[in-house]
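Worksheet for the structure shown next.
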Protein chains: 2
Amino acid sequence: MAKSKSLEACPVYKTAMILDGKWTILIFRDLLANKVVRFNELRRSLGSISPKTLTERLTELEDQGLVSRKVYAEVPPRVEYSLTEKGKGLSAVFDSMAKFGDKWLR
Amino acid sequence: MAKSKSLEACPVYKTAMILDGKWTILIFRDLLANKVVRFNELRRSLGSISPKTLTERLTELEDQGLVSRKVYAEVPPRVEYSLTEKGKGLSAVFDSMAKFGDKWLR
DNA sequence: CAGCATCCTTGGAGATACTG
DNA sequence: CAGTATCTCCAAGGATGCTG
């Protein structure tokens, strides 16, 4: 979903832009289910995502304040991802989507 | 958002697939606001969508049973689009997205 | 009016190899 | 382990002209 000018005012549209991307909702799903996840852990649970794409999505989500990234100064490196309060705010959206899906899709 | 195998079971994911596409949520927005809309009317209110794309989206939505298409045997032709009950079922999703947007975005 | 047929462009994502 | 750097590709959309 590419950006559309003139709609940056619509809260529904802005929320939709957050959820855009082939893997985004799956990342949220994992982060909602597990409080804290590491990079390769997330990568494995998503299945076939490339590291480039995962990094891109996570960086975007972090820049939007939806995901927090904690780096531990260890060897080997450890990085943990989790949802911020803002990110957790999306759970209501997911709930309503689940309800719709359960009722109308298959 | 391209399809991902193995997730056709997740109701959230399936709902997200419905909403995918650059113009889809905007089309729903118009159809939720106005009970009935004609092709060029929709086209104008969306702004810069190409007729090809609008036809594609509407056909998809019709195939999914979300939008109903009524053709009147008149000259010039008149075609009216509106939401089905299933389509209206998405309003709860839009509501929760609006709430999130209002609270967290801007 | 409501599309359809064509051609073209773009960027999101995949694959793979490499590094601090 | 957690990424970065490249290269490649395809499908979603855009632009435009035509038609029943």
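So you know, we letter chains A, B, ... as the sequences are listed, proteins then strands, and number each from 1. All heavy atoms count here, side chains included; hydrogens, waters and symmetry mates do not.
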* **Atom-pair distance (CG on A/Leu26; P on C/dG12), nearest Å** => 18 Å
* **salt bridge (charged side-chain N to carboxylate O under 4.0 Å, His left out) against B/Glu60, all qualifying residues, sequence neighbours excluded** => B/Arg57
* Can you tell me how far P of D/dT16 sits from CD1 of B/Ile49, to the nearest Å? -> 16 Å
* **Transitive ILVMFWY side-chain link B/Val71 to B/Val36, under 4.5 Å** => no
* Structure fact -> Which of C/dC4, D/dA2, C/dG14 is nearest the side chain of A/Trp23? It is C/dG14
* Asked: What pair of heavy atoms forms the shortest contact from A/Asp30 to A/Val37, and how long is it?
  -> O-CG2, 4.3 Å
* **Residue pairs passing the salt bridge (charged side-chain N to carboxylate O under 4.0 Å, His left out) test where at least one lies in residues 87-98 of chain B, sequence neighbours excluded** => B/Glu85-B/Lys88
* **Within 6.0 angstrom of A/Lys99 NZ, more than 12 heavy atoms from elsewhere** => no
* Asked: Rounded to whole angstrom units, what separation is found between the CG atom of B/Asn40 and the C1' atom of C/dC4?
  -> 14 Å
* To do: Assign B/Arg38 to base, sugar-phosphate, or nothing according to its heavy-atom contacts below 4.0 angstrom with the strands shown.
  => sugar-phosphate
* Structure fact -> So, with a heavy-atom separation below 4.0 Å from DNA chain D, the residues of residues 52-81 of chain A are A/Lys52, A/Thr55, A/Arg69, A/Pro76, A/Pro77, A/Arg78, A/Val79, A/Tyr81
* Roughly how many Å is it from CG in B/Asp20 to P in C/dG11, rounded to a whole number? -> 17 Å
